[in-house]
**Student:** 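This is the structure, below, for whatever I ask next.
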There are 2 protein chains.
Amino acid sequence: MKKLGARHENLDFKVYGKLKSMIVDRRLEPGDKILQEKLARELGVSRTPLMCALKKLEQEKLVRAVPRRGFYVRLFTREEVLEAFELREVLEGLAARRAAESISPAEAETLRGFFRDADFSDGAEGIRRYADEDRRFHRYLIELGGFGLLRDILENYNIITVSGCADDMEGLVRHPRETLPEHEALIEAIASGRPEQAEKVARRHFHRSRQQLLRDLKRERRAGPRRSGTARGGAPGPAAKRAGGS
Amino acid sequence: MKKLGARHENLDFKVYGKLKSMIVDRRLEPGDKILQEKLARELGVSRTPLMCALKKLEQEKLVRAVPRRGFYVRLFTREEVLEAFELREVLEGLAARRAAESISPAEAETLRGFFRDADFSDGAEGIRRYADEDRRFHRYLIELGGFGLLRDILENYNIITVSGCADDMEGLVRHPRETLPEHEALIEAIASGRPEQAEKVARRHFHRSRQQLLRDLKRERRAGPRRSGTARGGAPGPAAKRAGGS
DNA sequence: AAAGTGAATAATGTATGCAAAATTCGCTTA
DNA sequence: TAAGCGAATTTTGCATACATTATTCACTTT
C-alpha cells in the first residue's frame with residue numbers, strides 16, 4: 001500500500017467549509033431557504049458538490065432537508081441549545097479527564113498560560129478578550145483530551161456553535177468574575193494530572209452555565225416569546241465568529 | 001407554512017440505509033475498496049445518490065474517503081473500539097440520568113420488564129437471548145433518555161456498532177452473571193427516578209466493560225497481533241446483526 | 001373581492017457525460 | 001527474471017441535462 005498522500009481537497013469539502021462559516025457568521029439567516037442554483041453560481045461551483053456539502057451539513061443539523069422542497073438554514077430552539085450544553089457537560093468533562101490523564105509537562109505549562117497574561121477588567125473590551133480566551137482555552141482542552149471520535153463529535157455536531165446561539169455578553173453565559181475561578185481550578189486539576197477532579201470541575205462548570213442559561217431563557221420567555229435564541233437581525237458589520245462560551 | 005408532509009424518501013437515503021446494513025452485516029468487508037460504478041449498478045441507481053450516501057457514511061466513520069482514490073470500508077482499530085466504549089460511558093450515562101429525570105410510571109413498568117421473563121441460564125442459547133435482551137434494553141434506555149442530539153450522536157456515529165466489533169460471546173464483553181446485577185441496579189435506579197444514581201450505575205457498568213475489553217485486547221495482542229477486533233472470515237450463513245453489548 | 005383553478009415557471013432529484021487523475025498491464029532494459 | 005517505464009484502461013470528481021414535482025401567478029367563478 002502506498003503512502004496515503006492525497007493532499008487533494010475535493011470541491012465539496014471546500015464548499016462545506018464555506019457554507020459552515022456562512023451559517024455560523026449569520027450570512028445565511030436561520031429559516032432561509034437555500035436556492036441551490038443561485039448559491040452554486042455564487043460560489044462558482046455546480047450543484048453536485050453543493051448538494052454533497054448540504055447533505056453533510058444536514059447531518060450536523062446546521063441545515064434542514066425537506067425531501068422535495070429543499071434545504072433550509074436551521075433554526076435552533078431553546079431546548080436544543082440546552083441539550084447542546086448538556087452534551088458539552090459530559091463530553092468536555094470526558095475531554096478534561098482524558099487531558100489530565102495524558103498531559104505532558106510542556107502542555108501543562110501552555111495550559112497554565114491561559115487567562116494569565118491578559119487583562120480582563122470589567123470593560124466591554126475586557127469581556128471581549130475574555131470571551132476569546134475562553135474559546136481558545138476550550139479548543140485547546142479538546143485538543144489535549146479529544147481523541148478521534150470525541151473531537152469529531154464536538155466539531156462535527158458543532159455543539160459549541162449551537163450553544164453559541166445563546167449570546168449575551170459576547171457569547172458568554174456568565175460573567176468572567178464568576179467563571180474565571182472555575183477555569184483556573186480546571187486548569188490546575190488538569191495540569192497537575194488529577195483526572196477525576198478535572199472531570200468533576202469541568203462538569204460543574206458547564207452545569208452552572210447551563211443552569212444560568214436556563215434561567216435566562218425562562219426570563220426571556222416571560223418577557224417576550226421569540227422563535228430562536230437570537231434575534232434575526234442582519235449581520236453587524238464584520239461578523240465576528242461566535243462560538244458559545246461558558 | 002404548510003404541513004411538513006413530504007413523505008417522499010430520496011434515493012440516497014435508501015442507499016444509505018442499504019449500505020449501512022451491508023457494512024454492519026459484513027457483506028462489505030473492512031478494507032474493501034468500494035467501486036462506485038459496480039455498486040451503483042448492483043443497487044440499481046446511478047453514482048450520484050451513491051456518492052451522497054457514501055459521504056454520509058464517511059462522516060459516521062463507517063467508510064473512509066481518500067480524495068482521488070475512492071472509498072474504503074472502514075476497519076476499526078482497538079483504540080477506536082475502546083474510544084467508543086469511553087464515549088458510551090458518558091453518553092449512555094447521560095441518557096440514564098435523563099431517563100430517570102423524566103420517566104413515567106408506565107415506562108418504569110416496561111423498563112422493569114427487561115431481563116425478567118426469559119431464562120438466561122448458562123447455555124449458549126441463553127447467552128444469545130441475554131445478548132439480544134441487552135441490546136433491546138440499551139435501545140430502550142436511549143429512547144427514554146436520548147433526546148434529539150444525543151440520540152443522533154449515538155445512532156449516527158454508530159458507536160454501538162463500532163463497539164460491537166469486539167465480539168466474544170455473541171457480542172458481549174462480560175458474562176451475564178456479572179452484568180445482570182448491574183442491569184438490574186440500573187433499571188431500579190431509573191425506574192425509581194434517581195438521576196444521580198442512574199448515571200453513576202450506568203457509567204460504572206460501561207467502565208467495567210471497558211476495563212474488561214482492555215484486558216481482552218491486551219491478551220489478544222500478546223497471543224497474536226491482528227488488524228481488527230474481528231477476523232476477516234466470510235459471512236457465516238445468515239449474518240446476524242451485531243450491536244455491541246456491554 | 002376572496003377563493004379556487006390551471007397553466008407557466010422554477011427548483012429538486014437523478015442520470016449521464018467528460019476531463020483529469022490514478023491504476024493496470026505490457027513492454028523494454030539491465 | 002526483476003525492476004523500471006509508458007501507454008491503455010479504469011475510476012474519480014464535477015458539470016450538465018432532463019424528467020418530475022413544487023411553486024407562482026394570472027384568470028375564472030361565486
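Residue numbers begin at 1 in each chain, while the letters A, B, ... track the order of the sequences. Values below: all heavy atoms of this structure, side chains included; hydrogens, waters and symmetry mates excluded.
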**Student:** What is the distance, to the nearest angstrom, from the OH atom on A:Tyr72 to the P atom on D:dA22?
**Tutor:**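 Taking atom P of D:dA22 as the reference, OH of A:Tyr72 is at 11 Å.
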**Student:** Is it the case that the ring center of B:His138 lies less than 6.0 angstrom away from the ring center of B:Phe206?
**Tutor:**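 Aromatic pair counts; centres sit under 6.0 Å.
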**Student:** Taking the side chain of A:Arg68 as heavy atoms from C-beta outward, which of C:dT14, D:dT21, D:dT12 is closest to it?
**Tutor:**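 It is D:dT21.
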**Student:** Does C:dT14 have its OP1 or OP2 closer than 4.0 Å to a side-chain nitrogen or oxygen of B:Arg47?
**Tutor:**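 It does not, given that no N or O in the side chain of B:Arg47 lies less than 4.0 Å from OP1 or OP2 of C:dT14.
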**Student:** In whole Å, I'd like the distance from the CZ atom of B:Phe13 to the C1' atom of C:dT14.
**Tutor:**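 Distance check: B:Phe13 CZ to C:dT14 C1' gives 18 Å.
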**Student:** Could you measure the distance from the CD atom of A:Glu37 to the OG atom of A:Ser46? Nearest 0.5 Å is fine.
**Tutor:**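 So the gap between those two atoms works out to 10.0 Å.
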**Student:** Does A:Ile34 reach a base, just sugar-phosphate, or nothing at all? Heavy atoms under 4.0 Å.
**Tutor:**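 Sugar-phosphate, backbone atoms only, no base.
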**Student:** Taking CG from B:Asn10 and P from D:dA19, how many angstroms apart are they, rounded to a whole number?
**Tutor:**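 After rounding, the gap between these two atoms is 19 Å.
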**Student:** Quickly work out the A:Glu37 CD to D:dC18 C1' distance and round it to whole Å.
**Tutor:**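 Atom CD in A:Glu37 sits about 13 Å away from atom C1' in D:dC18.
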**Student:** Nearest whole angstrom, please: distance from the P of D:dT10 to the CZ of B:Phe71.
**Tutor:**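 For the pair B:Phe71 CZ and D:dT10 P, the rounded distance is 21 Å.
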**Student:** Have B:Tyr72 and B:Glu58 got a donor and an acceptor in their side chains that come within less than 3.5 Å?
**Tutor:**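 Side chains of B:Tyr72 and B:Glu58: no pair found under 3.5 Å.
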**Student:** What's the CG-C1' distance between A:Leu50 and C:dT14, to the nearest Å?
**Tutor:**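 Rounded to the whole Å, the gap is 16 Å.
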**Student:** Please report the distance, rounded to the nearest Å, between NZ in B:Lys55 and P in D:dT12.
**Tutor:**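 My rounded result for the distance is 12 Å.
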**Student:** Is the phosphate of D:dA15 approached by A:Ser46 (side-chain N or O, under 4.0 Å from OP1 or OP2)?
**Tutor:**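 True: A:Ser46 side-chain N/O within range (under 4.0 Å) of D:dA15 OP1/OP2.
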**Student:** Roughly how many Å is it from NE2 in B:His8 to C1' in C:dT14, rounded to a whole number?
**Tutor:**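 Interatomic distance, NE2 of B:His8 to C1' of C:dT14: 10 Å.
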**Student:** What's the closest nucleotide to the B:Leu35 side chain, out of D:dT12, D:dA15, D:dC14?
**Tutor:**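 Ranking D:dT12, D:dA15, D:dC14 by closest atom to the B:Leu35 side chain puts D:dT12 first.
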**Student:** If you check the B:Val45 side chain, which of D:dT12, D:dC14, C:dA15 turns out closest?
**Tutor:**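 From the listed options, C:dA15 comes nearest.
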**Student:** Considering just the side-chain nitrogens and oxygens of B:Arg69, establish if one lies under 4.0 Å of OP1 or OP2 belonging to C:dT23.
**Tutor:**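 Answer yes for this pair, as a side-chain N or O of B:Arg69 is under 4.0 Å from OP1 or OP2.
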**Student:** Who passes side chain to side chain contact (heavy atoms under 4.5 Å, CB included) against B:Glu107, sequence neighbours left out?
**Tutor:**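 Counting only residues at least two positions away or on another chain, B:Glu107 forms a side chain to side chain contact (heavy atoms under 4.5 Å, CB included) with B:Ile103, B:Ser104, B:Tyr140, B:Leu144.
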**Student:** Which comes earlier along DNA chain C counting from the 5' end, the contact point of B:Lys33 or that of B:Pro49, where each point is its nearest nucleotide?
**Tutor:**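 Per heavy-atom nearest nucleotide, the more 5' residue is B:Pro49.
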**Student:** Between CZ of A:Arg27 and NZ of A:Lys18, what distance do you get to the nearest 0.5 Å?
**Tutor:**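 Atom-to-atom, A:Arg27:CZ and A:Lys18:NZ are 8.5 Å apart.
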